[in-house]
Amino acid sequence: MADSFEGHSFSRMVEKVSDYAIFLLDRDGAIQTWNPAAEAMKGYLKHEAVGRNFSMLYTQEDQQRNHPRHNLDDAAAHGTFQESAWRQRKDGSLFWALVEVIAIRDDNGELEGFCKLTRDLTNLKQLQETLAAEKERAELTLGSIADGVVSVNGAGLVEYVNRQAQRFTGWSQEEAKGLPVDRVFDIVSPGDYSAEETRLAQAEMSGKPPRTTRILRARDGTRHVIEARQSEIAGKDGEAGGMVIVFHDVGERQGMEKPCATRTAARTSSWQCLHTNCATPWRRSAPPPSCCRWASSAPSRQRRPARSSSGRSST
């Protein structure tokens with residue numbers, strides 16, 4: 001098989017391939033051919049590889065569990081075997097490889113050997129891991145903010161809902177993903193607003209630039225008055241790639257603002273009282289102001305009688 005391959009024009013084409021290590025194996029997995037890309041990728045020269053079992057290219061763990069033989073048997077049974085896994089170079093370093101083993105049979109269907117193709121995807125794997133880490137970091141950030149965030153793809157299907165959005169809509173990330181956005185982000189028609197919802201919406205919009213204030217109906221029927229902003233995501237060639245909806249609960253915010261305003265007014269009134277009363281000269285006939293009542297409880301100092309030159313007190 002190897003002799004036939006070496007003399008074929010196909011072998012000359014394989015010699016010029018730079019992205020794939022391509023070589024032949026006999027039925028037991030012994031290496032029969034070795035192209036320049038295999039030398040560059042795996043570190044073995046042709047005379048160092050040909051004749052040895054291809055299991056030398058696997059990690060010690062894979063060799064111990066007889067994984068190389070399993071790959072050949074799977075290819076023989078199904079015609080081909082594919083996987084992405086760690087492979088080992090001559091110097092012991094590892095690289096992430098896309099591997100395919102193809103069974104080669106003669107005209108009578110008898111197994112002659114295998115053709116093995118390997119591509120180094122280490123850089124791609126590192127990029128994927130970096131992107132996955134960035135995605136996880138972004139999701140953690142979005143999950144910690146106070147606003148609800150819903151990401152929608154170009155087909156109008158939900159891609160992501162953060163923790164706050166899950167809380168207000170009642171849909172988890174697993175349940176919401178892939179559903180139409182109007183099912184998860186269910187907006188009530190203005191004609192169905194209650195009197196209180198109308199009041200909250202009008203109060204939120206009064207005296208401010210125009211905002212999108214709507215009623216969000218949660219999965220369990222609970223309704224929230226929300227302020228929402230929608231931004232399109234640019235896709236390829238300037239086409240719309242989807243959108244991001246950011247919203248917060250107006251009723252919840254107004255409920256928080258009222259006690260804050262009350263506390264602020266109380267502090268302002270107390271400060272004004274202290275400033276006004278303490279800045280005014282006290283009159284003997286008037287009691288100390290209530291904000292400085294602590295002064296009235298201080299012990300009074302009695303005037304000592306004057307002493308004469310003889311040292312006796314004068315009456």
Nearest heavy-atom neighbours spanning [X] and [Y]:
| X | Y | value |
| --- | --- | --- |
| Glu39 | Lys46 | OE2-N, 3.2 Å |
| Thr118 | Ala97 | CG2-CB, 3.7 Å |
| Gln173 | Val161 | OE1-N, 2.8 Å |
| Ala165 | Val150 | CB-CG2, 4.0 Å |
| Asp28 | Asp26 | N-OD1, 2.9 Å |
| Ala103 | Ala75 | CB-O, 3.5 Å |

In the single-linkage hydrophobic clustering (I, L, V, M, F, W, Y; side-chain heavy atoms under 4.5 Å), do [X] and [Y] co-cluster?
| X | Y | answer |
| --- | --- | --- |
| Val99 | Met56 | yes |
| Val225 | Val188 | yes |
| Leu57 | Val50 | yes |
| Val101 | Trp96 | no |
| Leu72 | Leu111 | yes |

*With sequence neighbours left out, write down each residue that passes side-chain hydrogen bond (donor to acceptor under 3.5 Å, both in side chains) with Thr80, or none if nothing qualifies.*
Glu100
*Using the test side-chain hydrogen bond (donor to acceptor under 3.5 Å, both in side chains), find all partners of Lys42 that sit at least two apart in sequence or belong to another chain.*
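Here no residue qualifies.
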With [X] via ring pair (Phe, Tyr, Trp, His ring centres under 6.0 Å) - residues at least two apart:
| X | result |
| --- | --- |
| Trp171 | none |
| Phe95 | none |
| Tyr44 | none |

Nearest-0.5 Å distance, [atom1] of residue [X] to [atom2] of residue [Y]:
| X | Y | atom1 | atom2 | answer |
| --- | --- | --- | --- | --- |
| Met41 | Arg87 | CE | CZ | 11.5 Å |
| Phe168 | Arg163 | CZ | CZ | 13.0 Å |
| Leu24 | Lys116 | CG | NZ | 12.5 Å |
| Ser55 | Leu25 | OG | CG | 10.5 Å |
| Leu94 | Gln88 | CG | CD | 6.0 Å |
| Arg214 | Ile226 | CZ | CD1 | 9.0 Å |

*Quick one: do Glu175 and Thr169 satisfy side chain to side chain contact (heavy atoms under 4.5 Å, CB included)? Show the steps, please.*
CA-CA 11 Å; Glu175 295 170 327; Thr169 64; over 6 Å; no
*Parallel, tilted or perpendicular: rings of Trp34 and Phe23 (30°, 60°)*: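 Aromatic pair Phe23/Trp34 classed tilted.
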Taking side chain to side chain contact (heavy atoms under 4.5 Å, CB included) as the test, write out the residues that go with [X], two or more places apart.
| X | result |
| --- | --- |
| Asp74 | His70, His78, Phe81 |
| Asn123 | Gln126 |
| Leu124 | Leu121, Gln128 |
| Ala40 | none |

*asked:* Looking at Phe247, I'd like to know if the NZ or CZ of Arg229 sits under 6.0 Å from its six-membered ring centre while staying within 45 degrees of the ring's axis.
replied: no
*Identify the residue among Asn66, Asn53, Asn71 that makes a side-chain hydrogen bond (donor to acceptor under 3.5 Å, both in side chains) with Tyr58.*
Asn71
*Inter- and intrachain pairs under salt bridge (charged side-chain N to carboxylate O under 4.0 Å, His left out), touching residues 63-73, at least two apart*: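 Applying salt bridge (charged side-chain N to carboxylate O under 4.0 Å, His left out) to every pair that reaches into residues 63-73, excluding sequence neighbours, yields Asp62-Arg65, Arg69-Asp73.
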Below 3.5 Å, can you tabulate the donor-acceptor pairs from side chains in residues 176-187 to any protein atom, sequence neighbours excluded?
residue, atom, partner, partner atom, Å
Asp186, OD2, Arg217, NE, 3.0

*Identify, with sequence neighbours excluded, every residue that meets salt bridge (Lys or Arg N to Asp or Glu O under 4.0 Å) alongside Lys125.*
Glu129
_Residue pair Asp147 / Gln164, side-chain heavy-atom distance below 4.5 Å_ =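 Sidechains of Gln164 and Asp147: no contact.
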*Are any of the side-chain heavy atoms of Val149 and Ile245 separated by less than 4.5 Å?*
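Answer no - side chains too far apart.
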